[in-house]
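Worksheet for the structure shown next.
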Amino acid sequence: MANLLKEREDGSIKRRQTKMKVTDLIAVYYERRAPQLAKATLYNRRKISGLLEKELGKMLLENVRTHHLADVMMKYAELREWNANSYNTMLQQVRAFFRYAVEMEYLKEDPSAGLAQDRRRAVKNHQVWSQEECELFIETHEKELRALPIILILHTGMRIGEAITLRWSDIDFEERTVLVKRSVSDHNRSAHQNEKAPKNGHSRLIVLSDAAIDYLKSMKRVQASHQLSKGYRNDDDYVCLNTLGRPFSSTIVHRSFNWLTELAGVPRIRIHDLRHTHATLLLEQGVHPKVVQERLGHASYTITMDLYSHVSVKLHHEAAEMLVFKKSVQ
């Protein structure tokens with residue numbers, strides 16, 4: 001390993017690129033990048049790297065083609081019955097290794113660039129609430145602190161890690177905006193001293209509806225009442241605290257969500273599907289996909305369109321029905 005890194009730095013690895021194998025690339029990648037990765041990302045990356053080493057580890061890096069990677073993906077998608085999220089998450093991990101190879105000039109072209117998300121899988125896996133189901137959940141739990149992160153996601157499209165690290169100082173009640181600039185590093189720990197930048201590394205500003213502003217003002221009063229009755233202080237200024245004044249972890253919110261959903265009498269979905277719900281309802285009401293992309297914090301417009309292509313098709317059908325000319329031929 002040390003020799004490979006030294007050769008990369010002095011340029012000699014370029015002169016003998018043909019000797020570098022897939023397993024060497026993975027070793028160098030972890031040596032350089034592992035300390036910078038969040039625990040969840042590193043966990044997923046190690047899962048796919050084990051499969052790459054098993055199937056392609058001895059192959060010379062320069063000989064790897066898109067179809068080799070596609071074969072590995074399809075093989076384990078079937079063997080392990082990956083759902084949409086698992087499939088597309090593993091795809092992102094494969095791309096990370098080979099983009100790094102191009103970045104470090106081990107390769108001239110990225111063989112993973114030709115891999116595409118399985119849209120059929122992604123569309124099948126999306127489950128969203130209707131407008132009426134969202135309103136029923138909010139009406140049932142609008143005064144409960146444990147439901148605050150969930151209702152916040154419905155209003156804003158935030159990720160769960162972004163919601164539980166939000167501070168009151170991030171909300172501008174006059175301008176009706178919220179600044180999203182944090183997430184969590186470890187989803188099993190509470191937000192306290194467990195923060196990082198959002199997923200794409202950039203902050204974003206989300207405009208809030210009047211209903212969202214009214215809800216947050218109401219919950220701020222509920223939180224203040226709990227502080228007085230329980231005798232705790234919110235020195236870190238978190239928006240989402242439990243009734244004992246402790247920040248949430250993603251894991252705890254996930255557990256609470258399941259039975260809060262049951263109590264409200266709405267279909268059981270995943271917490272991440274609340275983001276899909278937010279986006280789908282906006283798109284179905286004619287909001288431009290670019291605006292939806294910016295609210296969700298997707299790194300590119302393409303990601304949004306890939307995820308919600310099924311909504312786009314529906315809107316195209318509706319648009320076609322809007323433009324109807326009188327029959328001129330009998």
Side-chain angles (χ1 to χ4, degrees), residues 83-86 88 117-164 166 176 178 180 206-219 240 250 253-298 301 303-322:
N83 62 21
N85 277 351
S86 297
N88 291 325
Q117 286 188 339
D118 188 333
R119 295 186 183 185
R120 177 182 56 82
R121 286 172 175 268
V123 170
K124 276 181 66 176
N125 200 54
H126 283 178
Q127 296 181 3
V128 299
W129 284 344
S130 66
Q131 179 95 17
E132 292 74 20
E133 288 164 342
C134 293
E135 290 170 354
L136 179 56
F137 183 91
I138 292 171
E139 182 180 352
T140 304
H141 300 296
E142 62 184 348
K143 296 297 183 184
E144 299 179 51
L145 289 174
R146 58 191 170 181
L148 203 164
I150 298 160
I151 297 175
L152 188 59
I153 296 170
L154 281 173
H155 277 299
T156 64
M158 289 181 190
R159 299 175 179 90
I160 179 62
E162 296 168 343
I164 64 175
L166 192 69
R176 293 172 41 212
V178 56
V180 180
I206 299 175
V207 177
L208 300 171
S209 65
D210 288 337
I213 287 291
D214 290 342
Y215 170 70
L216 287 168
K217 285 180 178 178
S218 171
M219 293 311 295
C240 299
S250 299
V253 178
H254 277 278
R255 290 174 185 167
S256 300
F257 180 55
N258 290 333
W259 52 269
L260 287 172
T261 296
E262 186 175 342
L263 287 173
V266 293
R268 184 168 174 173
I269 61 175
R270 303 167 308 159
I271 276 196
H272 198 71
D273 287 330
L274 299 175
R275 270 168 61 81
H276 294 317
T277 296
H278 180 84
T280 299
L281 291 177
L282 289 178
L283 289 168
E284 287 182 345
Q285 292 176 35
V287 175
H288 196 284
K290 182 65 178 175
V291 175
V292 175
Q293 175 217 329
E294 291 172 351
R295 288 181 72 86
L296 296 182
H298 287 156
Y301 179 78
I303 294 173
T304 308
M305 294 311 296
D306 279 348
L307 282 171
Y308 303 107
S309 57
H310 60 300
V311 181
S312 178
V313 170
K314 178 182 176 183
L315 294 177
H316 277 290
H317 281 292
E318 291 177 356
E321 293 301 320
M322 288 180 183

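Put simply, the side chain of L166 does not reach to within 4.5 Å of the side chain of C240, judged on heavy atoms. Residues V178 and M158 meet the side-chain proximity criterion, which asks for heavy atoms closer than 4.5 Å. Here the side chains of L208 and L216 are in contact, with some heavy-atom distance below 4.5 Å. Side-chain contact between I160 and H272: absent, with no pair of heavy atoms (C-beta onward) separated by less than 4.5 Å. Residues H278 and L296 form a side-chain contact, since some pair of their non-hydrogen atoms from C-beta on lies under 4.5 Å apart.
At distances below 3.5 Å, not a single donor-acceptor pair connects side-chain atoms of R268 with backbone N or O atoms of T261. Remark: side-chain polar atoms of R295 are paired, donor with acceptor, to backbone N or O of V207 under 3.5 angstrom.
Not a single ring pair (Phe, Tyr, Trp, His ring centres under 6.0 Å) links H254 to another residue, sequence neighbours left out. Remark: R159 engages E162 in a salt bridge (Lys or Arg N to Asp or Glu O under 4.0 Å) (not counting sequence neighbours). Taking the side-chain hydrogen bond (donor to acceptor under 3.5 Å, both in side chains) definition, one finds that D214 meets it with nothing, sequence neighbours left out. Partners of T277 by side chain to side chain contact (heavy atoms under 4.5 Å, CB included), not counting sequence neighbours, listed by chain and number: V128, W129, C134, L154, I269, L281. Take K217 and apply the side chain to side chain contact (heavy atoms under 4.5 Å, CB included) test, not counting sequence neighbours, and it matches F173, I213, R221.
Scanning both residues, H155 and S209, for their nearest heavy atoms gives ND1-OG, 4.2 Å. For the pair A279 and V292, the tightest heavy-atom approach, listed with the atom from each and the gap, is CB-CG1, 3.7 Å.
To the nearest 0.5 Å, atoms CD1 (I164) and CG (L148) are separated by 12.0 Å. A distance of 10.5 Å separates CG in L152 from CE in M219, rounded to the nearest 0.5 Å. Rounding to the nearest 0.5 angstrom, the gap separating the CD atom in Q293 from the NE2 atom in H288 is 10.5 Å.
Within 6.0 Å of CZ on R176 lie more than 12 heavy atoms contributed by other residues, nucleotides or ligands.
Residue pairs meeting the side chain to side chain donor-acceptor pair (under 3.5 Å) criterion with at least one member in residues 135-146, sequence neighbours excluded: Q131-E135, H141-E144, K143-S218, E144-R146.
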